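Just below is one structure, and these are the notes that go with it.
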Amino acid sequence: MNQRTLVADRLYYGLEPTHLRAASARALTRVVGLAPERARISDAHLYHDFALDPAQGAALVEALVAHGALEPPGEGQAGYGLTAEFVAIAQARIVEPLPRPRARQLVDAACALAREINEDDAHNPLSIAALAVFGDYMTRHARLAELSFGVVVDLRAPTWRTRFGRRQQKAEGARSLRNAFRALSSFVRVRVVTELPALPRPFSVVYDASSAR
């Protein structure tokens, strides 16, 4: 699993990233070594660890529960469970944001990579029909938290080159595509889909294989 990234100039749950990470790590130390059924923490302890008053703390806890970072008390349980999402926040790395000019360079590099994969990666059963950007890139932010690509795939037509060497399975091919684009930058996030409407809106198509031929 990729390490969670928090961007230095953004607020998360209304908190600065250094505050959020440090407070989450403090809360996590309260349950280290406990059995899962006992690894729960009270709302009072959460308010204390995050240095918030009861009203602010209650709002934070509600938001953390809504986003899957805390597991609410169940029947016969006291306190909140700390989920994998909470652990990821406590162990997150904090980075400076991605300047938009650099993001544009990465988009150009991603388009070149898509063309290269389509032309040369004959052993991947998937070709790239289109490449789109969505998320932070579609905002007016000058500095981005991440650069999200939607890779629209299609089955690659067999060629004489596929006779030599083992052809990947579809799952391997999708994983290979994700890894190739992620290698461009730690800011890159990749979603592999089979049709454009499956991507979050708004998005913008930056590479179309039908017009690149």
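Computed from a prediction, not measured in an experiment: that's the story for all the values here.
Atom CD1 of I89 sits about 10.5 Å away from atom CG of L82, to the nearest 0.5 Å. Separating the CG atom in L131 from the CG atom in L196 is a distance of 10.0 Å, to the nearest 0.5 Å. Atom CG of L6 and atom OG1 of T18 lie 9.5 Å apart (nearest 0.5 Å). Considering CZ of R102 and OG of S185, their distance stands at 6.5 Å, rounded to 0.5 Å.
By the 6.0 Å contact criterion, CD on Q77 is enclosed, its count of non-hydrogen atoms from other residues, nucleotides or ligands being greater than 12. Heavy atoms of other residues, nucleotides or ligands lying less than 6.0 angstrom from NE2 of H45 number 12 at most.
Using a 4.5 Å cut-off on side-chain heavy atoms (C-beta onward), V190 and L177 make no contact. Residues V95 and F187 have side chains in contact (heavy-atom distance under 4.5 Å, counting atoms from C-beta outward). Contact annotation: the side chain of L126 never approaches that of R156 to less than 4.5 Å [non-hydrogen atoms, C-beta and beyond]. Side-chain contact between Y47 and L60 is absent, with no heavy-atom pair separated by less than 4.5 Å. Within the 4.5 Å cutoff, side-chain heavy atoms of L70 are placed close to those of L46. A heavy-atom distance below 4.5 Å is found between the side chains of L155 and K170. By the 4.5 Å heavy-atom criterion applied to side chains, F86 and I41 are not counted as neighbours.
Side-chain atoms of R40 come within 3.5 Å of backbone N or O of E71 as a donor-acceptor pair. In this structure a side-chain-to-backbone donor-acceptor pair under 3.5 Å is missing from S42 to G79. The closest donor-acceptor contact from the side chain of R26 to the backbone of D49 lies under 3.5 Å.
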Stepwise, does the side chain to side chain contact (heavy atoms under 4.5 Å, CB included) test hold for T5 with R189? CA-CA 11 Å; T5 297; R189 303 291 179 267; 3.6 Å; yes
Given the rule in the side chain to side chain contact (heavy atoms under 4.5 Å, CB included) test, do V7 and Y12 qualify, once you have shown the distances and angles that lead to the verdict? CA-CA 9 Å; V7 181; Y12 299 86; 3.6 Å; yes
Could you walk me through whether L98 and L106 satisfy the side chain to side chain contact (heavy atoms under 4.5 Å, CB included) test, starting with their C-alpha distance in whole Å, then the side-chain angles of each, then the deciding distance to 0.1 Å, before giving a yes or no? CA-CA 10 Å; L98 177 66; L106 289 171; 4.1 Å; yes
Evaluate side chain to side chain contact (heavy atoms under 4.5 Å, CB included) for F50 paired with S24, printing each intermediate quantity in order. CA-CA 7 Å; F50 282 86; S24 300; 3.6 Å; yes
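Using a 4.5 Å cut-off between side-chain heavy atoms of Ile, Leu, Val, Met, Phe, Trp and Tyr, with links allowed through other members, V192 and F203 fall into different hydrophobic clusters. Taking hydrophobic clusters as Ile, Leu, Val, Met, Phe, Trp and Tyr residues chained together by side-chain heavy-atom distances below 4.5 Å, V193 does not share a cluster with L113. Residues L34 and Y80 are members of one and the same hydrophobic cluster, defined by side-chain heavy-atom contacts under 4.5 angstrom among Ile, Leu, Val, Met, Phe, Trp and Tyr.
Of the options V107, I128, D108, a side chain to side chain contact (heavy atoms under 4.5 Å, CB included) to Y207 is made by I128 and by none of the others.
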Using residues 132-150 as the side-chain source, report each donor-acceptor pair under 3.5 Å to any protein atom, sequence neighbours left out, with the distance given to one decimal.
| from | atom 1 | to | atom 2 | distance (Å) |
| --- | --- | --- | --- | --- |
| D136 | OD2 | R10 | NH1 | 3.4 |
| D136 | OD2 | R10 | NH2 | 3.3 |
| D136 | OD2 | A145 | N | 2.6 |
| T139 | OG1 | D136 | O | 2.7 |
| T139 | OG1 | H141 | N | 3.2 |
| T139 | OG1 | H141 | ND1 | 3.2 |
| R143 | NE | D9 | OD2 | 3.4 |
| E146 | OE2 | S148 | OG | 3.3 |

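When all heavy atoms are compared, the tightest approach of V205 to A130 is CG1-CB, 4.4 Å. Nearest heavy-atom pair across R21 and A90 is CG-O, 3.5 Å. Between F181 and V188 the shortest heavy-atom distance is O-CG1, 3.5 Å. Taking every heavy atom of both residues into account, A8 and E96 meet most closely at CB-OE2, 3.6 Å. The heavy-atom pair separating L184 from A109 by the smallest distance is CD2-CB, 4.2 Å. Of all the heavy atoms in A209 and N118, the pair that sits closest is CB-ND2, 3.9 Å.
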